[in-house]
Each structure stands twice: as C-alpha cells, then as structure tokens.
Amino acid sequence: MRTRPAFLLTRLAVPAALLMLAACAPAPIYKTTGNAVTAAPFQVAQSPENFSNSEVIWGGRIVQVKVLADHSEIELLAYPLDSSQRPKANDSGNGRFIALMPGYVEPLDYPSGALMTVNGKLGGSRAGKVGEADYVFPLVNVAQSHVWTADEMNKGRNNVRFGVGVGVGIR
C-alpha cells in the first residue's frame, strides 16, 4: 500500500498548526486553589453568606475608584474570564463587585473603563446604588490585581481575517 505525500503532510501539519495556536495563548496570571468560587458576582450578591471568605478570581471593567483613609475601593462591572483570566468585555456583564485594595492606590493607574482582573477573598457584601437602583455589591479583599493593556488583551488572539474584497489595516 502506497501513502500519498500530500495526505501524510496534511496529517502532520494540522496537529502541528493546532499546537502552535495553543502555544500562543498566554497562561493564566493567577494560580487557583481547590476552594476558588466559580460563581459570578451577581450570584454571590444573592446569598453572600454562602461564600464568606472564599477565594475568587474575577475581572471586569473599572467603573470608579474611591480612595479612603486606610484603603481604596474599585468598583467593577464583572465579565467572564477567558483561559488567560482576561475579562471578555464583549460578553454580557455578570454583575458588579467592589475590589477592596489595601492602602492608597493611584486612580490614574486604575482608569475608568480599563479592564482588570483581581485575586482575593470574599469579605461579605455592601448595599449601594447603581444610578438610582438599589444594588448589593460583593466585596473582594484583593491580594493581587492586574490592569490589562491593549497589547496584553490582544496577545494570543488570532489576527487572521477572511473576507472578500480589498482592505487596508493599520495598527
């Protein structure tokens, strides 16, 4: 039985190409432990007592930063995270939460609209408002945080586009 070189090449090229694409995706930035909560912030807000002191890795878009005397608070609109723990900002929101940061944080380092991922422990909840609506915010005592740059958000993403016609792309 003879094997065709083109068939053999295709059989080897496809797995190699998939492996290379998988290698391009950045690794998660935080290690998870066995007791990390997978519930979304809106689910935790419904019964925060069930999640007290549980570890979370959540991310989202920064809504506002408040600097207080002994700590800072960052309100985030939560989004699901991808495999690299980057917020998927094109997805629907998963509620809001407040990241409690020890000490002073420079608000310019946490600009409104930026994407951020935090790792920490749930520390209860607080009633507040979103606009005129009442809202319950889960509180996260942050151990680690990361504000994502545009380059980091695009890293490992497929930049190949298919289409018909002529196009010019400038970055």
Side-chain angles (χ1 to χ4, degrees), residues 16-45 51 54-123 125-126 128 130-131 135 137-163 166-171:
L18 291 173
L19 184 61
M20 287 188 331
L21 281 174
C24 292
I29 57 174
Y30 302 124
K31 302 267 190 254
T32 58
T33 62
N35 67 342
V37 171
T38 58
F42 78 90
Q43 295 167 315
V44 172
F51 300 96
S54 297
E55 180 186 0
V56 293
I57 298 176
W58 283 347
R61 188 172 303 281
I62 296 172
V63 176
Q64 67 176 333
V65 176
K66 291 181 184 174
V67 178
L68 304 170
D70 60 345
H71 71 282
S72 300
E73 299 181 355
I74 302 175
E75 181 183 332
L76 290 105
L77 172 60
Y79 291 116
L81 302 178
D82 68 11
S83 62
S84 300
Q85 298 173 339
R86 296 175 293 198
K88 295 186 211 175
N90 58 345
D91 208 319
S92 60
N94 279 342
R96 294 183 182 217
F97 68 96
I98 296 176
L100 303 173
M101 310 283 285
Y104 172 85
V105 300
E106 176 54 58
L108 292 176
D109 293 336
Y110 298 87
S112 182
L115 296 171
M116 178 177 174
T117 301
V118 300
N119 172 256
K121 292 198 179 218
L122 289 170
S125 64
R126 178 187 313 145
V130 175
Y135 200 84
F137 294 91
L139 303 174
V140 178
N141 294 307
V142 175
Q144 302 172 51
S145 67
H146 183 77
V147 177
W148 296 93
T149 66
D151 286 342
E152 289 173 321
M153 290 301 294
N154 290 323
K155 189 175 183 179
R157 299 246 165 104
N158 184 350
N159 290 327
V160 177
R161 305 285 188 262
F162 295 99
V166 177
V168 176
I170 299 174
R171 284 194 179 218

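None of these values were measured; they are calculated from a predicted model.
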S112 side chain to V63 main-chain N or O, any donor-acceptor pair under 3.5 Å? yes
Under a 3.5 Å cutoff, is there a donor and acceptor pairing between the side chains of H146 and Q85? no
Might you point out which heavy atoms bring S145 and Y110 nearest each other, and give the distance in Å? OG-OH, 3.6 Å
Output for pair (L77 CG, R61 CZ), nearest 0.5 Å, gives 8.0 Å
What distance separates I62 CD1 from L115 CG, expressed to the nearest 0.5 Å? 8.0 Å
Nearest 0.5 Å please: distance from the CD atom of Q144 over to the CD1 atom of I57. 8.5 Å
So, for I74 and L76, which heavy atoms are closest and what is the spacing to 0.1 Å? O-CD1, 3.5 Å
Taking only residues at least two apart or on different chains, which pairs with a member in residues 69-78 satisfy side chain to side chain donor-acceptor pair (under 3.5 Å)? Q64-E75, H71-E73, E73-R126, E75-R96
Can you give me the closest heavy-atom contact between V147 and D109, atom names plus distance? CG2-O, 3.8 Å
Closest heavy-atom pair, W58 versus A40, reported as atoms and distance to 0.1 Å, is CZ2-C, 4.1 Å
Of all heavy-atom pairs between L122 and P138, which one has the smallest distance, and what is that distance? CD2-CB, 4.4 Å
Could you please spell out the steps behind the side-chain contact (heavy atoms from CB on, under 4.5 Å) verdict for K88 and N90? CA-CA 6 Å; K88 295 186 211 175; N90 58 345; 4.0 Å; yes
I need the L81 CG to T38 OG1 distance, nearest 0.5 Å. 11.5 Å
Looking only at non-hydrogen atoms, find the nearest pair between K155 and R86 and report the distance. O-NH1, 2.6 Å
